S.K.: 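The following block contains the structure, expressed as C-alpha cells.
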Amino acid sequence: MKKLRLGIIGTGIIARAHMAGILEARQSELAAVCDIKPEQAERFLNHFGLNGVKVYQNYEDMLTPGTVDAVIVSTPTVSHAEIAIQAAKAGIHVLCEKTMAMNAAEARKMADQVKGKKLVHTIGFAFRYIPAVEYIKDLIEAGKFGKIRHFRGRFYANRLAPADHVMEWRHRMREAGSGVIGDLASHTFDMFHYLARGQMGDIVKLAAHGDIIIPERVNENGEREKVTTDETLLVWMKTANQGEVTLESSRYSPFEFEFHITGSKASLKYCNYKYDTVEYLEYEREGLYAQNNAQEYSPIPVPERYYPNHIKDRFIRQYLAFEQAILGQGTVKTDFETGYDNQVFMDLIQKSYQEEKTISI
Ligand SMILES: NC(=O)c1ccc[n+]([C@@H]2O[C@H](COP(=O)([O-])OP(=O)(O)OC[C@H]3O[C@@H](n4cnc5c(N)ncnc54)[C@H](O)[C@@H]3O)[C@@H](O)[C@H]2O)c1
C-alpha cells in the first residue's frame, strides 16, 4: 500500500517530538522537510539518520502537487495562518501547532479555509492524548465529581528563564503574538475546554495579570533587544454555572503541566511527572469537600485499557490519530474550530492583561 507522504515545515524543537510519531506510524513516511534555515533542516534529518528526504527552504515549493499529502506546521506562530491556508488550498491535510494564529481574526480565516473540504485539520493540543486525560474524561462523564466547581491549570516551562538565554521568537510580539498566554496557557485552557467546560459552562467573566520579568535580552546579532511578550500569567475566569477556572503560567518555574479539578463529590489532581497516575479524593458525602476531615488524595494508576497498544507518548499518539483520520480509520481530538475558539479566549486574556481590566463576555 502507498504510504502517506508527510512534510514537516519548521524543523525546530517540537518537530523532533512529531518525528517520533511519524517513525512509529506504519502507513506514513517523511517525504519532505522545510525550514527557512536549511542547515537546521539538515541537522534535523541527520539527527534521525534520514536519507532521501527532500529539503525545501520555501514552504510554497513543498506544497506543489505530488510532493506531500499532509503537513505538520511547526514554525513560529506568525507563519501558521499563511502556511496552513496555502496547504488547505492545495488539498493537503494539516496538523498545525498551537497557538493556532497571531489572533482570532487570523484563526477564523484558517478555519474558514478548511470548512466543507474533505481535509483533516487539527491543532497540536497534544496533552489531550495523554492516556490519563482520557481516563479523567471518563471519570467526569461517569459523574464521579458531581458538580464541578473549580478547574485550576498550571503550566510552567523554564527553558527561557536564564538571563543569558538568547532572545528568540517567543520573546517578540511580532513573531509570537503573545508570550506564555499562547505558549502555555492555551494548553491549560484547552484542558479545561476538553474536560470540564461542557459541565461548568461557558466563560462569562475573566481577569488576567502578568509581567515581563527580564525586559531585555541579547539577540542572535549580539544586540540588546526589548522583550515584548508576557512571561508570567495569572488568569481568573467565572463560568456560566457558578464555576471558577484559574490558570497560571510562568517561564521562571521548573517545567510542569498540572491541573486540579474540584467537584461536589470528589477532587482530582494530575501532573505530567506522574504520567500514568491520577490523585483522587472522594468525599464521604456530596458537598463535604473532605474525607474524615483529612485531605488525603489516593494515587490511582491509569487502567491499561487506556493505552491498548502500550504507546503512551502524547505526540506519538497525536500523530497516529492524525494518520488514522486521514486514512478514514479514526478521528482527531481537535480541529481548526477548536483552535479558533481557543484563540478567541487567548485574545481576551491578552486584552485583560494589557488593559488591566476585568472583561465580561
Ligand atoms: N504542542 C506543544 O506542546 C508544543 C511544544 C513546543 C512548541 N510548540 C509549537 O510549535 C511551534 C514551533 O515551536 P518550536 O519550539 O519548535 O520552535 P523552534 O524555534 O525550535 O523551531 C521553529 C523552526 O521553524 C523555522 N521557521 C521559521 N519560520 C519558518 C518559515 N516561514 N518556514 C519554514 N520554517 C520556518 C525556524 O528556522 C526553526 O527551525 C510553535 O507554534 C510552538 O508554539 C508546541
Side-chain angles (χ1 to χ4, degrees), residues 7-21 32-47 54-63 68 71-87 94-102 106-107 110 122-130 133 155-160 165-172 174-191 194 219-220 229 249 251 255-257 272 313-319 321-322 332-334 338-339 342-343 346:
I8 297 181
I9 306 175
T11 54
I13 297 171
I14 207 60
R16 291 191 180 198
H18 291 301
M19 193 60 219
V33 290
C34 168
D35 203 294
I36 44 166
K37 293 181 181 161
E39 68 281 7
Q40 174 68 22
E42 294 297 346
R43 243 196 318 271
F44 177 85
L45 294 176
N46 288 339
H47 175 82
K54 288 184 189 149
V55 178
Y56 295 88
Q57 195 170 358
N58 180 339
Y59 77 88
E60 284 174 306
D61 297 335
M62 183 202 266
L63 301 180
V68 290
V71 286
I72 293 175
V73 181
S74 46
T75 57
T77 321
V78 65
S79 49
H80 288 184
E82 181 188 318
I83 298 173
I85 288 172
Q86 286 300 325
V94 188
L95 188 168
C96 178
E97 262 306 341
K98 48 52 65 176
T99 325
M100 184 167 179
M102 296 292 277
E106 262 192 19
M110 294 163 77
T122 187
I123 298 292
F125 289 121
F127 289 101
R128 289 193 185 203
Y129 290 90
I130 296 177
V133 168
F155 192 1
Y156 302 145
N158 60 343
R159 185 177 61 83
L160 303 180
H165 193 291
V166 73
M167 179 100 186
E168 65 169 59
W169 64 269
R170 282 177 166 85
H171 296 114
R172 297 186 184 107
R174 66 176 187 277
E175 286 181 86
S178 70
V180 294
I181 294 173
D183 204 15
L184 307 179
S186 66
H187 277 295
T188 39
F189 183 84
D190 181 65
M191 204 41 42
Y194 187 50
N219 66 22
E220 56 273 38
T229 56
S249 276
R251 295 218 191 278
F255 187 96
E256 186 171 44
F257 175 83
N272 67 299
D313 179 274
R314 60 186 183 277
F315 291 100
I316 297 179
R317 288 163 64 96
Q318 176 178 249
Y319 182 75
F322 183 53
V332 281
K333 291 176 192 265
T334 63
T338 325
N342 186 284
Q343 193 73 55
M346 293 310 107

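All of these numbers come straight from a predicted model, not from anything done at the bench. Below, all heavy atoms of this structure are taken into account, side chains as well, without hydrogens, waters or symmetry copies. Counting convention: from 1, in listed order, for ligands and their atoms alike.
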S.K.: I want to check a possible cation-pi pair here: Lys333 against Tyr129, using under 6.0 Å from ring centre and within 45° of the ring axis as the test.
M.R.: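 Yes, Lys333 sits over the ring of Tyr129.
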
S.K.: Within the structure, is a non-hydrogen atom of His80 found at a distance of less than 4.0 Å from ligand 1?
M.R.: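 It does; at least one heavy atom falls under 4.0 Å.
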
S.K.: I need the contact type for Arg170 against ligand 1. Using non-hydrogen atoms and a strict under-4.0 Å cut-off, is it side chain, backbone, both or neither?
M.R.: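 For Arg170, the contact with ligand 1 is made by the side chain alone.
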
S.K.: Kindly write out the residues that satisfy side-chain contact (heavy atoms from CB on, under 4.5 Å) with Ala32, not counting sequence neighbours, or none if the list is empty.
M.R.: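 Result, side-chain contact (heavy atoms from CB on, under 4.5 Å) vs Ala32: Lys54, Tyr56, Met62, Thr67, Val68.
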
S.K.: May I ask you to say whether Glu168 pairs ionically with Arg251, meaning some side-chain N is under 4.0 Å from a carboxylate O?
M.R.: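 Looking at Glu168 and Arg251, the cut-off is not met.
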
S.K.: For Ile14, is at least one N or O under 3.5 Å away from an N or O on ligand 1?
M.R.: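 Yes, Ile14 has an N/O under 3.5 Å of an N/O on ligand 1.
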
S.K.: Please confirm whether Gln57 approaches ligand 1 to less than 4.0 Å, judged on its heavy atoms.
M.R.: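 Gln57 does not count as a contact of ligand 1 under the 4.0 Å cut-off.
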
S.K.: With only distance considered, is Phe127 within less than 3.5 Å of ligand 1 through an N or O on each side?
M.R.: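 No, since none of the N or O atoms of Phe127 sits under 3.5 Å from an N or O of ligand 1.
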
S.K.: For the CD atom of Glu97 and the OG1 atom of Thr122, what is their distance to the nearest 0.5 Å?
M.R.: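 Taking CD in Glu97 and OG1 in Thr122, the distance rounds to 9.5 Å.
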
S.K.: What orientation do Phe257 and Phe127 show, parallel under 30°, tilted 30 to 60°, or perpendicular over 60°?
M.R.: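 Plane angle under 30°, so parallel.
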
S.K.: To check your reading of the model: name the closest protein heavy atom to atom 43 (O) of ligand 1, its residue, and the distance in Å.
M.R.: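 Ranked first by proximity to atom 43 (O) of ligand 1 is Lys98 O, 2.9 Å.
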
S.K.: Would you mind checking which non-hydrogen protein atom is closest to atom 11 (C) of ligand 1, with the distance to 0.1 Å?
M.R.: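 The answer is Thr75 O, 3.4 Å.
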
S.K.: May I ask you to check whether Asp35 has an N/O atom sitting below 3.5 Å from an N/O atom of ligand 1?
M.R.: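 Between Asp35 and ligand 1 (N or O atoms, distance only) the closest approach is under 3.5 Å.
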
S.K.: Is the contact between Glu168 and ligand 1 made by the side chain, the backbone, both, or neither, using heavy atoms and a 4.0 Å cut-off?
M.R.: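 Answer for Glu168: neither.
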
S.K.: Which protein heavy atom lies closest to atom 24 (O) of ligand 1, and at what distance to 0.1 Å?
M.R.: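 Checked against all protein heavy atoms, atom 24 (O) of ligand 1 sits closest to Gly10 CA, 3.4 Å.
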
S.K.: Is there a polar contact between ligand 1 and Lys37, counting only N or O atoms under 3.5 Å apart?
M.R.: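 By distance alone, the answer is no.
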
S.K.: For ligand 1, which atoms sit closer than 4.0 Å to a heavy atom of Gln40?
M.R.: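 The list of qualifying atoms is 39 (O).
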
S.K.: Suppose we screen for ring-ring contact (aromatic ring centres under 6.0 Å, His included). Which residues come up paired with His18, at least two apart in sequence or across chains?
M.R.: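 Only Phe315 meet the ring-ring contact (aromatic ring centres under 6.0 Å, His included) criterion with His18.
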
S.K.: Short list, please: which atoms of ligand 1 are under 4.0 Å from a heavy atom of Pro76?
M.R.: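 Every atom of ligand 1 under 4.0 Å from some heavy atom of Pro76: 22 (C), 24 (O), 26 (N), 27 (C), 28 (N).
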
S.K.: Where does Trp169 meet ligand 1, judged by heavy-atom distances below 4.0 Å: at the side chain, the backbone, both, or neither?
M.R.: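 The part of Trp169 near ligand 1 is the side chain, not the backbone.
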
S.K.: Just to check, does Ala126 reach to within less than 4.0 Å of ligand 1 when the distance is taken from its heavy atoms?
M.R.: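 It does not, in that no heavy atom of Ala126 comes within the 4.0 Å cut-off of ligand 1.
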
S.K.: Does Phe315 reach ligand 1, in the sense of a heavy atom lying below 4.0 Å from it?
M.R.: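 Contact present.
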
